[in-house]
Structures are given as C-alpha cells and as structure tokens.
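A short worksheet on the structure shown next.
Residue numbers start from 1 in every chain, and the chains themselves are labelled A, B, ... in the order their sequence lines are given, proteins ahead of strands.
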Protein chains: 2
Amino acid sequence: MADHTPTRAERREATARRILEAAQHEFGAHGDGATIRSIARRAGVDPSLVLQHYGSKQALFSLAVRPVSDLEGEDVPAHLAEVLDVRLRELPASTKALMRSMLTSAEAAEAMSVYLRERAARLAEAMPDDHAELRAALVVSSIMGITIARHFLDLPALEDADGDDVAALVDSWTSTAP
Amino acid sequence: MADHTPTRAERREATARRILEAAQHEFGAHGDGATIRSIARRAGVDPSLVLQHYGSKQALFSLAVRPVSDLEGEDVPAHLAEVLDVRLRELPASTKALMRSMLTSAEAAEAMSVYLRERAARLAEAMPDDHAELRAALVVSSIMGITIARHFLDLPALEDADGDDVAALVDSWTSTAP
DNA sequence: GTCTATATACCGATAGAC
DNA sequence: GTCTATCGGTATATAGAC
C-alpha cells in the first residue's frame, strides 16, 4: 500500500472523477447553462476529453445533479431539524448543482420533485392529524426555499443563523395542529 | 371613445406592449435562456423589431422581471396569509419570469433578494420577540419555496391546497414564540 | 417603419493527426 | 490515449434594402 505507480486505468479513472467534480461545481455555479469548455478548463483537461469520458453533456449533467440519498433517518422530525441545520451552513456540490438547475432544466426539476415527494411522504407518516400530507409538503418546500435564500440569494438574516434557533421553529411546524 | 383609427404611435406602443408580454411569458417558461427569436415568434413580430423597441435582450429582460410592488398592506400577518393564498393559485407573468430566472441570472437573483429583504423587514416590525428578524426571513423564504414547489415543480399535494388550510399554519409561524 | 441579409461569436460534437 | 482542427447549428446584434 506504500508507493505504487498508478496504472493507466487508474489515471483515467482519476481524470474522470476530476471532470465530474468540476462539472458539479460548474453546474452549481451557472446551472445547466454551464459549458463543456468551462468544465474542462476547471478540471484542467482538454474539452474533447469530457465527451470522451461521458459521451455527451446531457449524460454528464445527469450524473452531476443526481442527489445523494439521505432518507435513512428514523426520528423524522429530529432528522428534519438536522437537515435544515446542515443546509443553513453548507451545501454539497451535487445538491447545489441540482438546485441551481431545477428552474431551467426539466430533468433537474423532475429529480427535485421526486426528492421532495419522497421526503414529504416520510414526514407525513410521522404526523398525527388529517392534513398531514399537505403540511408535510409545505414543510419540505419551506426548507427548500430557506436553502435557496441562504445559498443563492444570500439573505443577510440567514447568514449567521444558529441551528438551535430554527430547530424549535421546525418543531412547531410538525407538531402544532392548525 | 367609439371608433377611432389608431395613429402610428399608438400602433407602435401596442406592438411594444405585446412584445413585453410575450417576453414575460417566454422568460417565465424558459428563464433567462429564452431567445429573442422565440419572444418575437410569440408576439407575432419580426425578431429585429424586438431589439428596435428595447435595444437589447438584457434591457428587455430587466423590464420583464421587474416585480410588481405589493407592500402597501397594513395588517402584515393577514396580508401575508393572503399573499400565500394567492400564490398557491396563480402567479403573475412578471413574477413567474423573475422566479424562473433567479437561479441563473445575477440580476434576477439580486432583484428577488431585495424583494425578500423588504418583505422580511416589514414582517419583522409586526413581530414581538427578539428573533423577529431571523424568523421573518424564514417565513418569506418559506413562502418562496412553497411557490416554487407549487408552480415549477408541480408538487401534487399543493395542487389543490385550500387557502384556509394554510392560513392557520402561517399564523402559527408569525405568532408562536420558539 | 418593417424586414432581409449578414457580421460575429460561441455552442456541442466529431474526425483524424500524433 | 490525447489533442488539434473543424463541422454544423444557433445565438445576439447590426446594416441596409424597400
């Protein structure tokens, strides 16, 4: 495991990974309007290599905006508060790429819609009363809006928001009966 | 006021208005990636006429995404519930164009940020406790997220949401102390 | 006043040199 | 295996014919 000259296959795989990471950052910064040329520039490779590895811009985009699944939590409201707390501080590259593109790319919009529906369904199960489905949809949509305001619109009030301050608010969303 | 042959200036103004409305719909459907050609096609005019009237695509975009100011309400929480109720059912063309473009256009992002800050400041004044600023920002951001989920992601649970159902929820956001 | 023609630039994708 | 050169397409914007 000490020193070990990388094979060509390993070097190729490492290059492919660098390209994918560059694509996530470019799509995260400019949405689906990001160009293959800019992705290649960020990755430090030739533009033709991007297509050599991933076939087309569309295929690379699909990989870059694939959301990381984080639905394994048990205590849903507590998990939700943790999600919001984390989202207020940082945003994974793939998630940022997905959110940045979801209003101008039909594929990204569908991916986000599926993700929100799954999360809302999980949350609705943990809710007591009859309006659970609607309220769960409102909660997950609100978290999305807060994430956008924090990371894409740079609302000053959310810059230094403390996780503890918002936890109680989220709790009131899920427990208070309207 | 009966019959009256329109002058050239009147016809020109009517054409300009049709172009602006077409631009709002195109920007609302495709974001800032909408093309002058598609705008002209929707308006039923030649593409060069669009630039003849508005100078550049950027200038037309700035006019199309200018949000309509609706901050004259007195009872802020009640006004807010009404806003959310209206937003769940329909979305003005200029607002749709602004929201659709705000993640891929720096100008639209800044316009939306200013709009949210103004609304949050108004709301914070009507709030009692010390976390008013943060909570007001969370509320207006949540409304934005719900609007996106309803009109751009087509969340089924929000399709037929009743305004009365959400009013109480919004009220709990503004009155419950965390 | 309105439209045809075009200048200029950049896009994704491909073919072939090395 | 990697990169140069380029094709075909489309965009904004302009100039000039009518």
Report the nucleotide, chosen from [options], that has the shortest atom-to-atom distance to any side-chain atom of [X].
X     : options               : result
B:L49 : C:dT2, D:dA13, C:dG12 : C:dT2
A:D46 : D:dT4, C:dC3, C:dG12  : D:dT4
B:L51 : C:dC3, C:dG12, D:dA13 : D:dA13

When you measure from the side-chain N and O atoms of A:S48 to the phosphate of D:dC3, is any distance below 4.0 Å, counting only OP1 and OP2? no
When you look at A:T104 and B:F152, which way does the side chain to side chain contact (heavy atoms under 4.5 Å, CB included) test go after all the steps? CA-CA 10 Å; A:T104 43; B:F152 297 95; over 6 Å; no
Whole angstrom is fine here: how far is it from [atom1] in [X] over to [atom2] in [N]?
X     : N      : atom1 : atom2 : value
B:E13 : C:dG1  : CD    : C1'   : 16 Å
B:E10 : C:dG1  : CD    : P     : 13 Å
A:F61 : C:dC11 : CZ    : C1'   : 16 Å
B:Q52 : C:dA5  : CD    : C1'   : 16 Å
B:I36 : C:dT6  : CD1   : P     : 20 Å
A:K57 : D:dG9  : NZ    : P     : 19 Å
B:I19 : C:dT2  : CD1   : C1'   : 12 Å
B:H53 : C:dT2  : NE2   : C1'   : 10 Å

Checking the side chain of A:K57 only, and the main-chain atoms of A:D32 only, is there a donor and an acceptor separated by less than 3.5 Å? yes
Classify the side chain of A:R12 versus the base of D:dG1 as yes if they form a donor-acceptor pair under 3.5 Å and no if they do not.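 Checked by distance alone, the answer is no.
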CZ of A:F61 to CG of A:L98: how many Å apart, nearest 0.5 Å? 7.5 Å
Output the distance between atom CD (A:E159) and atom CG (A:L88), rounded to the nearest 0.5 Å.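 Answer for the CD-CG pair, A:E159 versus A:L88, is 10.5 Å.
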The test is side chain to side chain contact (heavy atoms under 4.5 Å, CB included); show your working for A:S141 and B:L155 and say whether it passes. CA-CA 9 Å; A:S141 301; B:L155 270 207; 3.8 Å; yes
Axis-to-axis angle across the helix from C:dG1-D:dC18 to C:dC18-D:dG1, five pairs each end, nearest 10 degrees, ~ 20°
Should the pair A:R119-A:E125 be classified as a salt bridge under the 4.0 Å nitrogen-to-oxygen rule?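 No.
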salt_bridge(A:R117, A:E110) N-O dist < 4.0 Å: yes
